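Numbering of ligands and ligand atoms starts at 1, following listing order. All values derive from a computational prediction rather than experimental measurement.
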Amino acid sequence: MSSKKHLVVLSAPSGAGKTTVARHLLATFPQLRFSVSATTRPMRDGEVNGRDYFFLQRDEFRDAIQRGDLIEYEEIFGNYYGTLRSSVSEAVQRGDFVVFDVDVKGAVSLRAAFPDDTLLMFVAPPSLDVLATRLRSRHTETEEQIHLRLARAEMEMGHQDQFDVVLVNDDLETTVRRAEELVREHVEGAPQQPSLFERD
Ligand code: ADP
Ligand code: 5GP
């Protein structure tokens, strides 16, 4: 029985470390592609349109909804975020594997859309205090935005049991190693240990 999954979905409260984990997986596994979402939030320093997100105006996003271009979308922190049908279908048709960075509701929607093909990973912070420290050290949000993200984090933590795996991101090295093992097991479909015959 093959356990191969083509869609690796990472979710976490904002600041828990899923972008860091996603970047590591993409750098480690050449067959993985990132699903570039559409969003109406402003671009952060260092972000690139078309690489990190497709940055749209609100009316452009609404048009995309109307045309049925999105597999799922949510309004988060006052902005729209959504998964483009094109980024998933083109990659899957090529036989590539796709990594998603979406919120918990997006993850559940992706599982509903592709029930047999998703591996859902939840990246949890060791505590809400640590989450607050990481968000502040990232220097990408105002204090008001950080408060909004922390308030939402509690809701997101309550959805952990809907995921296949929960990675508590305390030590980053341990977290990325475990994420790599999971991709080897479920995406590459390779056994983690040599079989008895191979060891002979
Ligand atoms: P997310 O994508 O979930 O919002 P990020 O990957 O941007 O989170 O991580 C938030 C901040 O925390 C970044 O500055 C990142 O470098 C840092 N970080 C991530 N994982 C750890 C860890 N295990 N220990 C300490 N800092 C971390
Ligand atoms: P950020 O503004 O920090 O990049 O993302 C805020 C939240 O939006 C994160 O939880 C992120 O995972 C989520 N997000 C990003 N893209 C999508 C998407 O396409 N769909 C959904 N549902 N959430 C997304």
Side-chain angles (χ1 to χ4, degrees), residues 7-27 34-56 61 64-65 69-88 98-114 118 120-142 144-146 148-160 162-163 166-179:
L7 311 181
V8 178
V9 185
L10 288 168
S11 276
S14 182
K18 69 186 169 315
T19 307
T20 310
V21 174
R23 286 198 179 136
H24 178 84
L25 291 177
L26 288 161
F34 182 59
S35 165
V36 181
S37 294
T39 185
T40 58
R41 90 145 156 73
M43 207 186 288
R44 290 179 190 144
D45 277 354
E47 286 185 327
V48 176
N49 189 23
R51 183 194 70 184
D52 299 287
Y53 282 104
F54 292 104
F55 292 93
L56 304 182
F61 199 101
I65 297 171
D69 290 353
L70 301 165
I71 296 174
E72 60 77 35
Y73 68 93
E74 298 290 333
E75 191 164 5
I76 306 167
F77 312 125
N79 292 302
Y80 284 124
Y81 293 81
T83 302
L84 289 160
R85 202 171 291 285
S86 54
S87 22
V88 182
V98 188
V99 175
F100 298 80
D101 173 340
V102 296
D103 85 315
V104 287
K105 292 182 184 164
V108 172
S109 300
L110 286 169
R111 158 147 301 159
F114 305 99
T118 43
L120 262 52
M121 290 198 218
F122 188 88
V123 181
S127 69
L128 288 175
D129 282 347
V130 171
L131 187 66
T133 308
R134 284 188 195 159
L135 275 172
R136 291 196 172 97
S137 69
R138 197 167 65 178
H139 300 297
T140 51
E141 276 87 14
T142 62
E144 191 192 340
Q145 287 167 334
I146 289 172
L148 280 174
R149 281 165 193 257
L150 289 174
R152 190 179 164 87
E154 290 193 48
M155 176 283 282
E156 293 182 296
M157 299 287 280
H159 284 270
Q160 289 180 57
Q162 290 170 272
F163 284 71
V166 175
L167 300 174
V168 178
N169 183 18
D170 190 355
D171 172 57
L172 183 59
E173 188 64 20
T174 309
T175 307
V176 295
R177 291 293 156 252
R178 180 75 188 117

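Here Leu84 contributes atom CG and Tyr73 contributes atom OH; the two are 13.5 Å apart, rounded to the nearest 0.5 Å. Put simply, CZ on Phe34 and CZ on Arg23 are 8.5 Å apart, with the number rounded to the nearest 0.5 Å. Note that OG of Ser37 is 10.5 Å distant from CG of Asp52, once rounded to the nearest 0.5 Å. Within the model, atoms CD of Glu156 and CZ of Arg149 stand 9.5 Å from one another, a figure rounded to the nearest 0.5 Å.
Protein heavy atom nearest atom 17 (C) of ligand 1, with residue, atom name and distance: Arg134 CD, 4.2 Å. Summary of contacts: the protein heavy atom closest to atom 9 (C) of ligand 2 is Lys18 NZ, 3.8 Å. Protein heavy atom closest to atom 5 (O) of ligand 2, with residue, atom name and distance, is Tyr53 OH, 3.4 Å. Atom 19 (O) of ligand 2 has as its closest protein heavy atom Ser37 OG, 2.7 Å. At the shortest separation from atom 2 (O) of ligand 1 among protein heavy atoms lies Thr19 OG1, 2.3 Å. Atom 8 (O) of ligand 1 has Gly17 N, 3.1 Å as its closest protein atom, hydrogens excluded (heavy atom only). Scanning the protein heavy atoms around atom 6 (O) of ligand 1, the nearest turns out to be Thr20 OG1, 2.5 Å. Scanning the protein for heavy atoms near atom 23 (N) of ligand 1, the closest one is Asn169 OD1, 2.8 Å. Nearest protein heavy-atom neighbour of atom 22 (N) of ligand 2: Asp103 OD1, 2.7 Å.
Residue-level proximity to ligand 2 for Asp101 is carried by backbone and side chain together, each with a heavy atom below 4.0 angstrom. Under 4.0 angstrom from ligand 2, the non-hydrogen atoms of Arg44 all belong to its side chain. The backbone of Asp170, and not its side chain, has at least one atom closer than 4.0 Å to an atom of ligand 1 (non-hydrogen atoms only; backbone = N, CA, C, O). Neither the backbone nor the side chain of Gln145 comes within 4.0 Å of ligand 2, counting heavy atoms alone.
Listed by atom number, the atoms of ligand 2 under 4.0 Å from Glu74 heavy atoms are 22 (N). Of all atoms in ligand 2, listed by their number and element, those nearer than 4.0 Å to a heavy atom of Glu72 are 18 (C), 19 (O), 20 (N), 21 (C), 22 (N). Counting atoms of ligand 2 from 1 in the listed order, those under 4.0 Å from a heavy atom of Gly106 are 22 (N). Less than 4.0 angstrom separates some heavy atom of Leu172 from each of these atoms of ligand 1: 20 (N), 22 (C), 23 (N). Applying the 4.0 Å criterion to heavy atoms of Arg41 picks out, from ligand 2, the atoms 1 (P), 2 (O), 4 (O). Remark: ligand 2 atoms within the under-4.0 Å shell around heavy atoms of Thr83 are 19 (O). Applying the 4.0 Å criterion to heavy atoms of Ala16 picks out, from ligand 1, the atoms 3 (O), 8 (O). Listed by number with element, the atoms of ligand 1 under 4.0 angstrom from any heavy atom of Ser14 are 4 (O).
The side-chain heavy atoms of Tyr80 and Thr39, taken from C-beta on, include no pair separated by under 4.5 Å. Contact annotation: the side chain of His24 approaches that of Arg177 to within less than 4.5 Å [non-hydrogen atoms, C-beta and beyond]. The shortest distance between side-chain heavy atoms of Val36 and Ser87 does not fall below 4.5 Å. Using a 4.5 Å heavy-atom threshold, the side chains of Pro13 and Arg134 count as separate. Counting heavy atoms from C-beta outward, Phe100 and Ser35 have side chains that approach closer than 4.5 Å. Residues Arg138 and Ser14 form a side-chain contact, since some pair of their non-hydrogen atoms from C-beta on lies under 4.5 Å apart. Residues Val99 and Leu10 have side chains in contact (heavy-atom distance under 4.5 Å, counting atoms from C-beta outward). For the pair Val102/Leu110, a side-chain contact is recorded, criterion being any heavy-atom separation below 4.5 Å from C-beta on.
Taking a 4.0 Å cut-off on heavy atoms, Pro13 registers as neighbouring ligand 1. Using a 4.0 Å cutoff on heavy atoms, Phe100 does not count as a contact of ligand 2. The shell of residues lying under 4.0 angstrom from ligand 2, judged by heavy atoms, excludes Lys105. The shell of residues lying under 4.0 angstrom from ligand 1, judged by heavy atoms, excludes Val21.
Of the residues Val98, Ile71, Val9, the one that meets the side-chain contact (heavy atoms from CB on, under 4.5 Å) test with Thr83 is Ile71.
Here's the thing with Asp101: none of its N/O atoms is less than 3.5 angstrom from an N/O atom of ligand 1. For ligand 1, one of its N or O atoms has an N or O atom of Gly15 under 3.5 Å away. Considering both main-chain and side-chain atoms, Tyr81 comes within under 3.5 Å of ligand 2 through a nitrogen or oxygen pair. Checked against a 3.5 angstrom limit, the closest N/O atoms of Gly82 and ligand 2 fall inside it. Taking only nitrogen or oxygen atoms, main chain and side chain alike, Asp171 does not reach within less than 3.5 Å of ligand 1. For the pair Arg138 and ligand 1, the shortest N or O to N or O distance falls below 3.5 Å.
In this structure, the side chain of Asp170 does not engage the main chain of Pro126 through any donor-acceptor pair within 3.5 Å. Using a distance-only test at 3.5 Å, with no hydrogens or angles considered, no donor-acceptor pair links the side chain of Thr40 to the main chain of Asn79.
Asp103 has a carboxylate O that lies under 4.0 Å from a charged side-chain N of Arg152, or vice versa, which qualifies the two as a salt bridge.
Closest approach of Met157 and Pro125 over heavy atoms only: SD-CD, 3.7 Å.
Below 30°, between 30° and 60°, or above 60°: for Phe163 and Phe122 the angle between ring planes is above 60°, a perpendicular geometry.
The closest heavy-atom contact to atom 3 (O) of ligand 1, among the options Arg149, Lys18, Glu173, comes from Lys18.
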